[in-house]
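Take a look at the structure set out below.
These numbers were taken from a predicted model, which means no experiment stands behind them.
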Number of protein chains: 2
Amino acid sequence: MKISELSERSGVSVASIKYYVREGLLPAGVTTAANQANYDDHHIHRLRLIRALVHVGNLSIASVKAVLDTVDSGTTSLHDAFGAVMHSLDEPAPEEMEPDLAQVLAEVRAWIRKRKWAVSPDAPAIHLLAEAMLILRQFDFGLDLADLDEIADVSEQSAEFEVGFAREKVDRTAAVETMLIGTVVYGRALVEIRRLALEAVSARLDTPGRARPKGKQ
Amino acid sequence: MKISELSERSGVSVASIKYYVREGLLPAGVTTAANQANYDDHHIHRLRLIRALVHVGNLSIASVKAVLDTVDSGTTSLHDAFGAVMHSLDEPAPEEMEPDLAQVLAEVRAWIRKRKWAVSPDAPAIHLLAEAMLILRQFDFGLDLADLDEIADVSEQSAEFEVGFAREKVDRTAAVETMLIGTVVYGRALVEIRRLALEAVSARLDTPGRARPKGKQ
DNA sequence: TATTTGTGGATAGTTCCACTATCCACTCTG
DNA sequence: CAGAGTGGATAGTGGAACTATCCACAAATA
């Protein structure tokens with residue numbers, strides 16, 4: 001398949017494809033002559049993945065490159081690959097930090113320990129969670145980490161299903177890729193469902209006794 | 001308080017504060033002379049909100065402006081204000097769309113109807129959810145909307161709590177603001193918890209029988 | 001065979017965004 | 001009264017994600 005066909009079938013402009021190749025996100029086609037190369041379904045698949053990460057996951061090109069490098073490198077254990085992918089999704093946290101944040105960070109770490117969650121100590125998610133918690137406190141959300149246990153239980157259950165689903169895949173690359181788009185795209189779907197729920201509940205509480213008498217269903 | 005003090009106390013540079021004022025995100029101080037103005041705690045609060053939306057919520061300055069304009073405008077019902085805020089968080093969807101997406105979009109709308117969720121038909125979340133679902137299908141996640149009902153139930157419950165919490169606030173601005181940072185910042189916290197759960201579960205499944213005696217494989 | 005169209009690779013340009021820096025006439029502080 | 005700080009205006013910066021142009025050449029079409 002020529003580059004123009006790849007462009008048409010993937011919906012990505014030729015210029016952008018060339019750009020992705022340049023940046024190392026997409027492997028070059030197999031060159032058959034000085035100015036001729038062949039692309040295949042592999043490239044379409046990869047382009048789909050790139051677009052999903054960039055446009056649904058809001059990842060930067062640099063992050064996508066980091067993530068894809070991790071996917072492609074045959075890291076020893078499947079879990080190491082998952083972990084590496086997770087960590088590539090966000091920039092590592094800066095060294096210096098306010099004392100307030102340091103305090104919340106310590107609480108988050110303790111909470112994770114208490115839950116017996118074996119996560120890498122430098123997972124970006126830890127810092128990002130601490131930052132979010134700090135802001136919530138500044139805005140008087142009386143919310144401590146114990147309140148999150150219920151949510152964590154639910155997350156854990158669904159994660160169990162999700163990780164299991166990914167591990168069923170035949171080869172390691174497919175498994176890691178599944179985990180990746182699960183994290184990013186399925187995660188996005190969950191966020192949007194939450195927003196819809198918020199709007200729906202807000203509507204219901206504003207017009208009481210209309211759509212639903214009380215309770216459920 | 002002078003602008004330099006506002007800068008120090010908020011951790012935002014003087015230049016950035018001026019920029020936010022210019023862009024209409026932050027009200028100007030009360031001018032006491034040609035080149036003198038007073039700022040107060042209100043400004044600190046607003047700056048905190050702006051930083052949270054920009055750096056935790058990844059909103060653009062333009063989106064933040066739209067959201068804050070909505071917060072400040074005394075829209076009639078509380079729910080209308082919530083809705084407007086929700087819709088300001090994302091750009092409206094483009095007109096044209098692929099047939100595949102249109103199909104999924106219709107399914108999503110039907111699902112929302114079936115759940116009796118009263119959401120505005122042009123809520124950006126609907127489109128974003130449809131886009132995410134489409135990509136999940138392209139990557140062979142055998143996932144139809146019925147599978148999401150359980151998650152939607154959980155979301156609904158937690159939304160009930162959250163909306164209730166916001167509506168308890170004394171004045172309308174505080175209520176809308178609470179809803180806003182709940183959506184953005186608390187939402188972010190949930191995402192990070194999910195990521196931690198994924199990593200933890202992946203670790204557990206890779207070292208069976210170590211942390212927990214559940215013993216698969 | 002001749003001509004148009006498309007190609008891969010390189011390089012330069014564009015647009016947008018979130019700031020940042022500079023300037024100025026002025027005023028508050030020491 | 002000197003020097004630092006101020007509000008307001010305007011211009012500049014650096015990064016990101018493309019986009020456009022150029023070239024010698026190959027492929028498809030006439």
Side-chain angles (χ1 to χ4, degrees), chain A residues 1-40 42-43 46-68 88-91 94, chain B residues 1-40 43 46-68 88-91 94 184:
Chain A
M1 171 189 338
K2 297 177 291 182
I3 201 171
S4 56
E5 195 184 339
L6 178 63
S7 166
E8 249 175 76
R9 289 226 272 153
S10 65
V12 179
S13 76
V14 172
S16 292
I17 293 173
K18 287 183 174 184
Y19 169 62
Y20 294 149
V21 171
R22 247 181 357 254
E23 296 295 317
L25 308 195
L26 184 71
V30 180
T31 55
T32 60
N35 63 338
Q36 229 62 28
N38 276 331
Y39 301 86
D40 57 19
H42 221 85
H43 290 93
R46 184 43 78 93
L47 274 176
R48 256 211 269 273
L49 187 54
I50 293 169
R51 297 302 263 208
L53 295 178
V54 170
H55 290 116
V56 178
N58 293 319
L59 297 195
S60 69
I61 297 295
S63 297
V64 173
K65 178 167 168 44
V67 167
L68 293 180
S88 312
L89 286 174
D90 293 294
E91 271 88 74
Chain B
M1 161 186 352
K2 296 176 290 180
I3 201 172
S4 56
E5 195 183 342
L6 178 62
S7 166
E8 250 176 74
R9 289 225 272 153
S10 65
V12 180
S13 76
V14 172
S16 291
I17 293 173
K18 287 182 174 184
Y19 170 61
Y20 293 149
V21 172
R22 252 186 346 261
E23 295 295 317
L25 308 195
L26 185 70
V30 180
T31 54
T32 60
N35 63 338
Q36 230 60 31
N38 276 330
Y39 300 86
D40 58 19
H43 290 92
R46 184 44 77 92
L47 274 175
R48 257 210 267 273
L49 187 54
I50 293 169
R51 296 303 261 211
L53 295 177
V54 170
H55 291 115
V56 177
N58 294 319
L59 297 196
S60 69
I61 296 296
S63 296
V64 173
K65 177 166 169 47
V67 167
L68 293 180
S88 311
L89 287 174
D90 293 294
E91 271 88 75
V184 173

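A straight line from CD1 of A/I50 to C1' of D/dC18 spans 14 Å, rounded to a whole angstrom. What separates CG of B/N38 from P of D/dG5 is a distance of 18 Å, to the nearest Å. The CD1 atom of B/I17 sits 15 Å away from the P atom of D/dG5 (whole-angstrom rounding). Atoms CZ (B/R22) and C1' (D/dG7) sit 12 Å apart, rounded to a whole Å. If you take CD1 of A/I3 and C1' of D/dA27, they are 16 Å apart, rounded to a whole angstrom. Going from atom CD of A/E23 over to atom P of D/dC18 covers 10 Å, rounded to whole Å. D/dA17 atom C1' lies 13 Å from atom CG of A/N58, rounded to whole Å.
Each of A/L59 and B/E5 lies near DNA chain D, and the nucleotide nearest B/E5 is the one positioned closer to the 5' end. The residue among B/A62 and B/N35 whose nearest nucleotide of DNA chain C is located toward the 5' end is B/A62. Nearest-nucleotide positions on DNA chain C place B/A15 closer to the 5' end than the other of B/K2 and B/A15.
For A/E23, the CD atom sits in a packed shell: over 12 heavy atoms of surrounding residues, nucleotides or ligands are nearer than 6.0 Å. Enclosure of atom CD in B/E8 is not indicated, since only 12 or fewer non-hydrogen atoms of other residues, nucleotides or ligands lie within 6.0 angstrom.
For the OP1/OP2 pair of D/dC18 and a distance below 4.0 Å, the side-chain nitrogens and oxygens of A/S13 include no atom meeting the criterion. Side-chain nitrogen and oxygen atoms of A/Y20 include at least one within less than 4.0 Å of the OP1 or OP2 phosphate oxygen of D/dC18.
Side-chain contact between B/M1 and B/R9: present, with at least one pair of heavy atoms (C-beta onward) separated by less than 4.5 Å.
Side chain of B/H55 to main chain of B/A52: no donor-acceptor pair is present (N/O by atom type, distance under 3.5 Å, no hydrogens or angles).
At the heavy-atom level, A/A37 lies under 4.0 Å from the strands shown only through sugar-phosphate atoms. Residue-level contact check: B/K18 touches the bases, meaning some heavy atom is under 4.0 Å from a base atom.
Protein chain B touches strand DNA chain C; the 5'-most and 3'-most nucleotides with an atom under 4.0 angstrom of its non-hydrogen atoms are C/dA18 to C/dC28.
A/Y39 and A/R46 form no side-chain donor-acceptor contact under 3.5 Å, judged by distance and modelled atom types alone.
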How far apart are the C-alpha atoms of B/L68 and B/L49, what are their side-chain angles, what is the distance that settles it, and do they pass the side chain to side chain contact (heavy atoms under 4.5 Å, CB included) test?
CA-CA 9 Å; B/L68 293 180; B/L49 187 54; 3.7 Å; yes
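Picking from D/dT6, D/dA24, D/dT19 the nucleotide with the shortest atom distance to the side chain of B/Q36 gives D/dT6.
Every residue was checked against the side-chain hydrogen bond (donor to acceptor under 3.5 Å, both in side chains) condition with B/Y19, not counting sequence neighbours, and none meets it.
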